[in-house]
Student: 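Here it is, the structure in full.
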Amino acid sequence: MKNYKVNLATILAACAIMASCGDNNDEPKPDTPVVPDQPQTGDVRVLTTTANRAKDLTQSWVEFSKADNMSPSTIRIKPDQTFQTIDGFGAAITGSTAYNLLKMNADDRAKFLKETFSPSEGYGMSYVRIPIGASDFSLSDYTLCDTEGIENFALTDEETKYIIPVMKEILAINPDVKVMSAPWTAPRWMKVNNLTELKPHNSWTGGQLNPKYYQDYATYFVKWIKAFENEGIKIYGMTPQNEPLNRGNSASMYMGWEEQRDFVKNALGPKFDQEGIKTKIYAFDHNYNYDNIADQQSYPTKIYADKDAAKYFAGAAYHNYGGNMDELKNIHAANPEKELVFTESTAGDWNDGSNLQKRLVDDMEQITLGPVNRWCRGSIIWNLMLDSKRGPYRPGGCSTGFGAVDIADDYKTIKRNSFYYIMAHIAVAAKPDAVRIGTDGFTTNGLTYTAFKNTDGSFALVLSNNKSEDIKATVDDGVHHFSVTVPANGIVSTSWK
């Protein structure tokens, strides 16, 4: 057995985290998650979680085999076969999430954020999503310019007292965290009932953007991005509209593909160029099935057909509330030069979202491994933290959802849901700017996996098993060999050099 060097201070810190952030007492008591230093050359670090919580982000090591033990159950890693570069994995920092975090004791919050975002002392989540103005998980209904006239733009208390302070704490832990952003609605004075009648639509819900305000709305985004960057928070990417085909959320606005094309081509893209804004623009940001609206099918591809518009779009973003994720492959095949990113999924009562036995492996396959294997550069789930009452949330918005973690009324006791586990497992393995690499060999019903090569030369293989029996596999990267067991209804992350 090799000698493994583990940072004792890191172990003690991780143990302290879990002492203050334990699961509910009526659940099996998990092993203490430990995220020590990166394994030394020759070690394979294994992180395991099972749906029954018998293993709960439990870390172990296996040794490389001394001989080539290739077998029919061998997964071959193919470093020379490369796919997309990885941006990161993480969760949304909504107004509600920030509010809950700031209700915690400062030391408890620091421990939780370090566990979540630190690349050396935690799981290294590296992607967050921030609403531009109100979402259905905000403390009030608002935009950044509720008084008519773009000169009245200003950040609100939700940004200055909640989201920005939390983001500063996160970036102090992990400066490489990327920020994706999206609006749920334009200011109401910019909205009309439809593009034919152009009657004022003084409502947070529904309506469409009045074309006469395209330039003002583009300026709105520029001002928001610059305001955050003045606080030290760089905005990596944005979409012009969250769920553009959803007219019914508490804050929402319809924006069909032709509208989005025209707004970005004629206003937002040129304004970004004029102002030197480098934030990436992503199209769509909604469901795989385009909400079954016939003329909105293949929404991003229709935009890309206009070359003058396409040049402003880095790619497209998707949610999984409808349709099949194979649509990602269709969009990539049609536009291989454009990026893809998965930007939202929510667990809730409708899918028994707090039941780890039911959700863990399915979420791993639907939100992380599946989208990544279909060309997504990263995945972001919705609220990082909600309270025991599923909020705060806005009337008319989602009232039956869960956070990646839920915090009890004492603002100390944390219950992790499947979303936290799936993001921890993939973030700890695939670091920002990693490249997804090829695999072949062992396939069997129930086993899903993907492999990465990180910028430090290390490899990672993340696997899930939705069967009721363990699956044992051999891994071969062309130089090293080792065996790993993926427990029944469990997920495993491995990493090695």
Student: Could you tell me whether a side-chain N or O of E231 sits under 3.5 Å from a main-chain N or O of A227, the two making a donor and an acceptor?
Tutor: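 Side chain of E231 to backbone of A227, a donor-acceptor pair under 3.5 Å: no, none is there.
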Student: Is S118 reaching over with its side chain to a backbone N or O of E115, donor-acceptor style, under 3.5 angstrom?
Tutor: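 No; judged by distance alone, with no hydrogens or angles, the pair does not exist.
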Student: Which residues pass the side chain to side chain donor-acceptor pair (under 3.5 Å) test with D176, sequence neighbours left out?
Tutor: none
Student: Set out, in order, the CA-CA distance, both residues' side-chain angles and the distance that settles side chain to side chain contact (heavy atoms under 4.5 Å, CB included) for L386 and F402, then state yes or no.
Tutor: CA-CA 6 Å; L386 292 180; F402 300 95; 5.6 Å; no
Student: What's the verdict on side chain to side chain donor-acceptor pair (under 3.5 Å) for Y421 and D56, showing C-alpha distance, side-chain angles and the deciding distance?
Tutor: CA-CA 9 Å; Y421 290 101; D56 188 301; 2.7 Å; yes
Student: With a cut-off of under 6.0 Å to the ring centre and 45° to the axis, is R394 in cation-pi contact with F137?
Tutor: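 No, R394 and F137 do not form such a contact.
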Student: What residues form a salt bridge (Lys or Arg N to Asp or Glu O under 4.0 Å) with D136, not counting sequence neighbours?
Tutor: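 D136 satisfies salt bridge (Lys or Arg N to Asp or Glu O under 4.0 Å) with no other residue.
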Student: Going through the distances and angles, do D406 and N417 end up as a side chain to side chain donor-acceptor pair (under 3.5 Å)?
Tutor: CA-CA 8 Å; D406 295 328; N417 295 316; 3.0 Å; yes
Student: According to side chain to side chain contact (heavy atoms under 4.5 Å, CB included), who are the partners of D362, at least two apart in sequence or on a separate chain?
Tutor: R359, Q366
Student: Between the side chain of S252 and the main-chain N/O of N249, is any donor-acceptor distance below 3.5 Å?
Tutor: yes
Student: Any side-chain heavy-atom pair from N445 and K467 closer than 4.5 angstrom?
Tutor: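 Counting from C-beta outward, N445 and K467 do come under 4.5 Å.
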Student: If you define the side chain from C-beta out and look only at heavy atoms, does anything of M253 sit under 4.5 Å from W184?
Tutor: no
Student: On a heavy-atom basis, which atom in I303 and which in A283 lie closest, and how many Å separate them?
Tutor: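 Distance-wise, the nearest heavy atoms are CD1-CB, 4.2 Å.
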Student: Over 60° means perpendicular and under 30° means parallel, so classify the ring planes of Y123 and Y420, tilted if in between.
Tutor: perpendicular
Student: Is a side-chain donor or acceptor of S135 paired with a backbone partner of P131 at a separation under 3.5 angstrom?
Tutor: no
Student: How close do H201 and N193 get, counting heavy atoms only, and between which atoms?
Tutor: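 Nearest heavy atoms, H201 then N193: CB-N, 3.7 Å.
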Student: Does R436 have any salt bridge (Lys or Arg N to Asp or Glu O under 4.0 Å) partners at least two apart in sequence or in another chain, and if so, which?
Tutor: none
Student: Restricting to non-hydrogen atoms, name the atom on M125 and the atom on V177 that form the minimum distance, rounded to 0.1 Å.
Tutor: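 So the two residues come closest at O-CG2, 3.9 Å.
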Student: Are the charged groups of E339 and K280 less than 4.0 angstrom apart, N to O?
Tutor: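 Looking at E339 and K280, the cut-off is met.
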Student: Got a donor-acceptor contact below 3.5 angstrom from the Q84 side chain to the C376 backbone?
Tutor: yes
Student: Go through it in stages, so that I can follow the logic: the residues are T450 and N373, the test is side chain to side chain donor-acceptor pair (under 3.5 Å), and I'd like the CA-CA distance, side-chain angles, deciding distance and then a yes or no.
Tutor: CA-CA 7 Å; T450 195; N373 282 337; 2.7 Å; yes
Student: Using a strict threshold of under 4.0 Å (side-chain N to carboxylate O), is an ion pair present between K234 and E229?
Tutor: no
Student: Please examine the side chains of L195 and E259, heavy atoms only from C-beta on, and report whether any two atoms are closer than 4.5 Å.
Tutor: yes
Student: Between N266 and D262, is there a donor-acceptor pair closer than 3.5 Å when you use the side chain of the first and the backbone of the second?
Tutor: yes
Student: Quickly, which of Y282, Y288, F284 forms a ring-ring contact (aromatic ring centres under 6.0 Å, His included) with Y299? Name it, please.
Tutor: F284
Student: Tell me if a side-chain donor or acceptor on T219 pairs with a main-chain N or O of Q215 at a distance below 3.5 Å.
Tutor: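 It does hold such a pair.
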Student: So do I471 and F442 actually touch side chain to side chain, heavy atoms under 4.5 Å?
Tutor: yes
Student: Find out whether T116 and M423 are in side-chain contact, i.e. whether some heavy atom of one side chain is under 4.5 Å from a heavy atom of the other.
Tutor: no
Student: Check side chain to side chain contact (heavy atoms under 4.5 Å, CB included) between A91 and all other residues, then give those that pass, not counting sequence neighbours.
Tutor: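 If we apply the side chain to side chain contact (heavy atoms under 4.5 Å, CB included) test to A91, skipping adjacent residues, the hits are I381, L384.
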Student: Return the minimal non-hydrogen interatomic distance between I170 and I93, and the atom names on each side.
Tutor: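 That would be CD1-CD1, 3.8 Å.
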Student: Test R45 against every option in T494, V62, V428 by the side chain to side chain contact (heavy atoms under 4.5 Å, CB included) rule and name the one that passes.
Tutor: V428
Student: Using side chain to side chain donor-acceptor pair (under 3.5 Å), reason through D291 and N287 one step at a time and then give a plain yes or no.
Tutor: CA-CA 6 Å; D291 275 18; N287 297 332; 2.9 Å; yes
Student: Would the distance check show the side chain of S138 and the main-chain N or O of D141 forming a donor-acceptor pair, the cut-off being under 3.5 Å?
Tutor: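 The answer is no, because no donor-acceptor pair under 3.5 Å joins these two groups.
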Student: My understanding is that only residues two or more places apart in sequence, or in another chain, count here; which of them pass ring-ring contact (aromatic ring centres under 6.0 Å, His included) with Y304?
Tutor: none
Student: Side chains of residues 308-319: which donor-acceptor partners sit under 3.5 Å, not counting sequence neighbours?
Tutor:
unit_1, atom_1, unit_2, atom_2, d
Y318, OH, Y290, OH, 2.7
H319, ND1, E243, OE2, 3.3
H319, NE2, D285, O, 3.3
H319, NE2, D285, OD1, 2.9
H319, NE2, T343, OG1, 3.3

Student: Checking salt bridge (Lys or Arg N to Asp or Glu O under 4.0 Å) for the pair E275/K226: CA distance, chi angles, key distance, verdict?
Tutor: CA-CA 10 Å; E275 297 289 337; K226 288 186 174 181; 2.7 Å; yes
Student: Please say whether more than 12 non-hydrogen atoms of neighbouring residues, nucleotides or ligands are located less than 6.0 Å from NZ in K178.
Tutor: yes
Student: What I want to find out is whether R390 reaches D349 closely enough, with some N-O distance under 4.0 Å, to be called a salt bridge.
Tutor: yes
Student: Is the shortest side-chain heavy-atom distance between L268 and Y214 below 4.5 Å?
Tutor: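 L268 does not reach Y214 side chain to side chain.
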Student: Of D476, D440, D477, which meets salt bridge (charged side-chain N to carboxylate O under 4.0 Å, His left out) against R76?
Tutor: D440
Student: Can you find a heavy atom in the side chain of V475 that is under 4.5 Å from one in the side chain of V484?
Tutor: yes
Student: Of the non-hydrogen atoms in I77 and A451, which two are nearest, and what is the gap between them?
Tutor: CD1-CB, 4.0 Å
Student: Could you give the side-chain donor-acceptor pairs of residues 328-335 under 3.5 Å, partners two or more places apart or in another chain?
Tutor:
unit_1, atom_1, unit_2, atom_2, d
N330, ND2, E327, OE1, 3.0
N335, OD1, T301, OG1, 2.9

Student: For residues N320 and I367, report the shortest heavy-atom separation together with the two atoms involved.
Tutor: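 Reported closest heavy-atom pair: ND2-CG1, 4.0 Å.
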Student: Please name all residues satisfying salt bridge (Lys or Arg N to Asp or Glu O under 4.0 Å) with K265, sequence neighbours left out, ordered by chain then number.
Tutor: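 K265 satisfies salt bridge (Lys or Arg N to Asp or Glu O under 4.0 Å) with D306 once adjacent residues are dropped.
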Student: Considering only heavy atoms from C-beta outward, does the side chain of L144 approach that of W224 to under 4.5 Å?
Tutor: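 Yes. Closest side-chain heavy atoms under 4.5 Å.
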Student: Residues two or more places apart in sequence or in another chain: which of them pass ring-ring contact (aromatic ring centres under 6.0 Å, His included) with Y217?
Tutor: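 Residues passing ring-ring contact (aromatic ring centres under 6.0 Å, His included) with Y217: Y220, F221, F263.
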Student: Quick test of your reading: applying ring pair (Phe, Tyr, Trp, His ring centres under 6.0 Å), list the pairs with at least one residue in residues 73-95, sequence neighbours left out, ordered by first then second residue.
Tutor: F83-W375
Student: Can you sort out the partners of H425 under ring-ring contact (aromatic ring centres under 6.0 Å, His included), two or more places apart, ordered by chain and number?
Tutor: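 With neighbours one apart ignored, the set is empty.
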